[in-house]
Undergrad: 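Quick one: structure below, then a few questions.
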Amino acid sequence: AAVASALVGGVRQLRVSSLWLDWMNIDDARLRTLTHAARQAGWGVQVKERFPVGVTRLPESWESYEQTFSRNSRRKLRSELKSLQQQGDVKLEVFQSVATADLPKLVRAAMEIELRTWKGAEGTAMACNRLTEKYFQDWAQILNAAGLLRLFFLKLDGQRIAFDLGAVAHGNYVAQKVSFLPEYFRSSPGHVLNGLVNRHFIETGDAHTVDTVGPMNEANRRWSNDSYRCGRVVLAPGSWISNTPGHYLVTLLNARSALQGLAPVANPESTTEEQ
């Protein structure tokens, strides 16, 4: 609470009419403490939910993890792995703390896989845009230097057919990019890779949770045993008297959400609710 109050005081010094915090975990207790401190200071606050994000909380053993699945799901998982193994030797390739000179080629190998998917056809793959490719190469270098980067490849008879690129911090793995070669779709390489990555983290203890980042869908719902809500927070510093434009904006945003029929996002730190 003391830190949140200090942040509120600091933001007030920025002399901005509104502060937008997008793609936030609106269920995070720290964010709720911040919005509560803002309300206590008389600020305008809007919290808007965008979508739920799947999270996998990993137990201490793979056997315990398997028991969290239904019998049919366990059977399907083993069947998918067996299907790939019937086509060749299946291995999980793990890269972390990579030599600086070697990393660009490895990241590019992941990009080449994504380029061959529908994202490449639509022009949304990392390698389709020079600046986007440079961003992910720089991002990988920075995280790799800090020992946080993780790059997984699923190999079939020596060929890389799927990848999972992300970062580990504070026991949490955030998967930023995942893709697989479409010609192996029937063997579910994405699910096989997910299972092997989760098993890797259980056995190494490097991560205790896996965050899928994007909206909950049929693919990541299968692996998720928890979730949080991703959304946007808009803060209007000061009071109506000192910041009329900011408070008016928050009022309009809340009114628009109400007209759209969105469910209110409750803040347990406060007696009020906002859309």
Undergrad: Do Asp206 and Gln96 make a side-chain contact, defined as non-hydrogen atoms from C-beta onward lying under 4.5 Å apart?
TA: yes
Undergrad: Rounded to the nearest 0.5 Å, what separates atom CG in Leu19 from atom CH2 in Trp43?
TA: 7.5 Å
Undergrad: Aromatic rings Trp23 and Phe51: how do their planes relate, parallel, tilted or perpendicular, breaks at 30° and 60°?
TA: tilted
Undergrad: Show me the pairs that pass salt bridge (Lys or Arg N to Asp or Glu O under 4.0 Å) and involve residues 119-136, at least two apart or across chains.
TA: Arg108-Glu133, Glu114-Lys119, Lys134-Asp138
Undergrad: Name each donor-acceptor pair under 3.5 Å that joins a side chain in residues 99-107 to protein atoms two or more places apart or in another chain, with its distance.
TA:
none

Undergrad: At what distance, to the nearest 0.5 angstrom, does CG of Leu193 lie from CG of Leu81?
TA: 11.5 Å
Undergrad: Less than 4.0 Å between a side-chain N and a carboxylate O, is that true for Arg160 and Glu112?
TA: no
Undergrad: Judged by atom type as modelled, is there a donor-acceptor pair below 3.5 Å linking the side chain of Thr212 to the main-chain atoms of Gly54?
TA: yes
Undergrad: Is the backbone of Asn217 close enough, under 3.5 Å, to the side chain of Asn220 for a donor and an acceptor to pair up by distance?
TA: yes
Undergrad: Considering only heavy atoms from C-beta outward, does the side chain of Asp27 approach that of Arg32 to under 4.5 Å?
TA: yes
Undergrad: Do the non-hydrogen side-chain atoms of Val94 and Leu92 ever get within less than 4.5 Å of each other?
TA: yes
Undergrad: Does the side-chain contact (heavy atoms from CB on, under 4.5 Å) test come out yes or no for Arg222 and Asn194, once each step is laid out?
TA: CA-CA 10 Å; Arg222 175 177 168 185; Asn194 279 340; over 6 Å; no
Undergrad: Without swapping roles, check the side chain of Asn225 against the backbone of Arg57 for a donor-acceptor pair under 3.5 Å.
TA: yes
Undergrad: Spell out, as yes or no, whether a donor-acceptor pair under 3.5 Å connects the side chain of Asp89 to the backbone of Asp157.
TA: no
Undergrad: Measuring from Asn144:CG to Arg150:CZ, what's the distance to the nearest 0.5 Å?
TA: 9.5 Å
Undergrad: Centroid separation under 6.0 Å, is that true for the rings of Phe69 and Trp223?
TA: yes
Undergrad: State plainly whether one hydrophobic cluster holds both Leu31 and Val47, where clusters connect Ile, Leu, Val, Met, Phe, Trp and Tyr through side-chain heavy atoms under 4.5 angstrom apart.
TA: yes
Undergrad: Assign the ring pair Phe201 / Phe152 to parallel, tilted or perpendicular, where the plane angle (0 to 90°) is split at 30° and 60°.
TA: perpendicular
Undergrad: With a 6.0 Å cut-off on the ring centroids, do Phe163 and Phe95 count as close?
TA: no
Undergrad: Go through Val45 and Val250 one step at a time and tell me if the side-chain contact (heavy atoms from CB on, under 4.5 Å) criterion holds.
TA: CA-CA 7 Å; Val45 178; Val250 168; 5.7 Å; no
Undergrad: Side-chain heavy atoms nearer than 4.5 Å, only ILVMFWY residues, links allowed to pass through others: does that put Leu149 and Met111 together?
TA: yes
Undergrad: Give the C-alpha distance, both sets of side-chain angles, the deciding distance and a yes or no for side-chain contact (heavy atoms from CB on, under 4.5 Å) between Gln260 and Lys48.
TA: CA-CA 12 Å; Gln260 291 173 341; Lys48 181 179 181 180; 4.1 Å; yes
Undergrad: Could you state whether Phe180 and Leu156 fall into the same hydrophobic cluster, counting links through intermediate Ile, Leu, Val, Met, Phe, Trp or Tyr residues with side-chain heavy atoms under 4.5 angstrom apart?
TA: no
Undergrad: When rounded to the nearest 0.5 angstrom, what is the spacing between CG in Leu77 and OG in Ser188?
TA: 10.0 Å
Undergrad: Run the side-chain contact (heavy atoms from CB on, under 4.5 Å) test on Tyr173 and Thr56 for me, step by step, so that the C-alpha distance in whole Å, both residues' side-chain angles and the decisive distance to 0.1 Å come before the verdict.
TA: CA-CA 10 Å; Tyr173 177 66; Thr56 303; over 6 Å; no
Undergrad: With a 4.5 Å cut-off on side-chain heavy-atom distances among I, L, V, M, F, W and Y, is there a chain of contacts connecting Tyr65 to Leu196?
TA: yes
Undergrad: I'd like to know whether CD of Glu183 has more than 12 heavy-atom contacts from other residues, nucleotides or ligands below 6.0 angstrom.
TA: yes
Undergrad: Would you give the length of the straight line joining atom CD of Gln176 to atom CG of Leu165, rounded to the nearest 0.5 angstrom?
TA: 7.5 Å
Undergrad: Should we say atom CG of Leu14 is surrounded by more than 12 heavy atoms from elsewhere, each under 6.0 Å from it?
TA: yes
Undergrad: Do the side chains of Met126 and Val213 join up, straight or via other hydrophobic residues, at under 4.5 Å, putting them in one cluster?
TA: no
Undergrad: Quick one: list whatever passes side chain to side chain donor-acceptor pair (under 3.5 Å) with Asn243, sequence neighbours left out.
TA: none
